[in-house]
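Proteins come first, then strands; the chains are lettered A, B, ... in the order of their sequence lines, and each starts at number 1. Remember, it's a predicted structure, so these values are computed and weren't measured experimentally.
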Number of protein chains: 2
Amino acid sequence: MSRPKRADARRNESTLLDAAAAAFVDSGVEAPVRDIAARAGVGVGTIYRHFPTRADLIIAVYRHQVDACAEAGPALLARSPSPHAALGEWLNLFVDFLITKHGLAGVLQSDSPGFETLHTYFLDRLLPVCAELLAAAASAGEISGGVKAYELMRGIGNLCIGSETDPDYNARNLVNYLITGLRQTSE
Amino acid sequence: MSRPKRADARRNESTLLDAAAAAFVDSGVEAPVRDIAARAGVGVGTIYRHFPTRADLIIAVYRHQVDACAEAGPALLARSPSPHAALGEWLNLFVDFLITKHGLAGVLQSDSPGFETLHTYFLDRLLPVCAELLAAAASAGEISGGVKAYELMRGIGNLCIGSETDPDYNARNLVNYLITGLRQTSE
DNA sequence: TTACTATACGGAACAACGTTCCGCTTAGCC
DNA sequence: GGCTAAGCGGAACGTTGTTCCGTATAGTAA
């Protein structure tokens with residue numbers, strides 16, 4: 001076991017998280033590393049020591065909210081009138097999260113190496129929840145069992161791209177059509 | 001009116017189109033400008049003289065196919081059993097086009113300046129067709145009139161992102177759920 | 001208090017990208 | 001054969017993410 005981190009290191013890490021969060025709000029998740037460093041009054045090297053890649057910084061900033069979303073799944077399933085309704089509500093929760101973080105949806109789908117950890121984190125955390133909701137809806141006979149959780153999550157994520165910047169595009173509408181379409185396919 | 005283009009210029013333009021098409025097939029539409037120039041045995045400056053921006057090159061390469069897609073709309077409407085069926089077929093045609101061009105869907109939604117002309121070209125050409133199909137389906141009472149053509153096209157485009165690289169994600173399935181969902185909303 | 005060292009820092013430097021610019025070349029015409 | 005507008009190549013610029021290393025300092029032991 002190594003010694004605990006130095007005090008200045010701990011301080012910088014927290015400063016960086018705040019600066020990143022602020023930068024993401026102002027300029028989206030694609031805010032340049034240099035901007036974030038400048039905001040925090042820190043060199044770029046410091047960022048990379050704390051967060052091996054930009055994706056890790058993004059994860060650190062949003063971890064709490066992703067976890068909250070994951071935990072909401074079972075809760076919705078318990079108190080919703082039907083599994084399909086719970087699935088719909090949960091997906092809308094996910095959509096809300098994505099489109100309030102400028103550009104997160106886009107970065108999430110990016111297949112550029114370096115965003116793998118981001119991809120992985122979201123999947124690890126949310127895929128099981130989605131699968132559970134889907135299974136419940138399927139065994140209630142509300143949807144076909146052929147819907148794959150990964151495909152659905154990825155599709156929802158894709159639909160959210162650009163929804164925060166383009167006033168003529170509202171991902172929520174399309175997501176709801178999609179959810180409707182899932183049910184009709186049931187029988 | 002200025003003189004017609006010089007022979008070498010015309011030759012280079014056509015060589016560039018071929019080189020770009022080949023590069024897009026090999027490495028996707030995000031193929032670096034330098035690669036395309038090298039393939040054509042030409043300097044990068046030559047590309048930019050013929051095509052002010054990368055987006056213009058992409059448009060030039062795919063123009064024919066976009067036009068073909070646009071023209072297929074009215075034809076499908078004429079020979080399909082119902083407007084909703086025609087809409088579905090046409091959207092699948094659009095999806096086929098997008099997912100066979102590596103990364104085109106992604107670039108199409110990119111809001112980075114410089115891709116505006118690409119955005120505009122697709123919209124100019126395809127939006128009216130989509131709107132016509134939607135209107136026909138709406139007045140046949142098959143779908144709600146509230147579906148906006150732009151939103152639908154953008155959503156379909158989004159769904160196609162990554163469908164060519166990720167073996168576990170097939171945009172076609174989700175697009176079909178979406179199309180189904182459109183009808184059910186008619187009630 | 002002082003001295004020592006692992007830890008952490010800053011920012012120059014690198015590679016890859018789209019794009020611009022300009023000195024040289026050449027096609028087409030008189 | 002020469003003149004000139006048109007066209008060309010590729011170095012150079014500005015912007016990315018990321019790496020690297022000389023310097024500074026926190027924490028500890030004397």
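No hydrogens or angles were tested; on distance alone, a donor-acceptor pair under 3.5 Å links the side chain of B:Arg6 to the base of D:dA6. For B:Arg54 against C:dT19, a side-chain-to-base donor-acceptor contact under 3.5 Å is absent.
Put simply, the side chain of B:His119 gets close to the backbone of B:Leu108: a donor and an acceptor are under 3.5 Å apart. No donor-acceptor pair closer than 3.5 Å links the side chain of A:Thr46 to the backbone N or O of A:Val42.
Taking Ile, Leu, Val, Met, Phe, Trp and Tyr as members and joining any whose side-chain heavy atoms lie under 4.5 Å apart, directly or through other members, the hydrophobic cluster of B:Ile161 also contains A:Ile161.
Across B:Leu174, B:Asn92, B:Leu87, a single residue satisfies side chain to side chain contact (heavy atoms under 4.5 Å, CB included) together with B:Ile179, and that is B:Asn92. Checked against B:Leu91 for a side chain to side chain contact (heavy atoms under 4.5 Å, CB included), the options B:Asn176, B:Leu152, B:Leu178 give a single hit: B:Leu152.
Between C:dT20 and B:Tyr48, no contact under 4.0 Å exists linking OP1 or OP2 to a side-chain N or O. In this structure, A:Thr46 does not reach the C:dA8 phosphate: none of its side-chain N or O atoms is under 4.0 Å from OP1 or OP2. The phosphate of C:dA8 has neither OP1 nor OP2 within less than 4.0 Å of any side-chain N or O from A:His50. For B:Thr53, a side-chain nitrogen or oxygen approaches OP1 or OP2 of C:dT19 to under 4.0 Å.
Seen from the ring of A:Phe115, A:Arg54 does not count as a face-on cation partner, given the 6.0 Å and 45° thresholds.
Here D:dT18 presents its C1' atom at 14 Å from CG of A:Leu57, a figure rounded to the nearest Å. Between B:Arg49 atom CZ and C:dG23 atom C1' there is a gap of 13 Å when expressed in whole angstrom units. Regarding B:Glu116, its CD atom lies at a distance of 12 Å from the P atom of C:dT19, rounded to whole Å. A straight line from CD1 of B:Ile47 to P of C:dT19 spans 10 Å, rounded to a whole angstrom. Between the C1' atom of C:dT7 and the CZ atom of A:Arg10 lies a distance of 13 Å, rounded to the nearest Å. Between the CG atom of B:Asp8 and the P atom of D:dC8 there is a distance of 5 Å, rounded to whole Å.
Here the side chain of B:Val44 is nearest to one of D:dA11, D:dA26, D:dG7, namely D:dA11.
Interface residues of residues 11-39 of chain A facing DNA chain C, ordered by number: A:Asn12, A:Arg34; criterion, heavy-atom separation under 4.0 Å.
Between B:Phe122 and B:Phe94, the two ring planes are tilted [angle within 30° to 60°].
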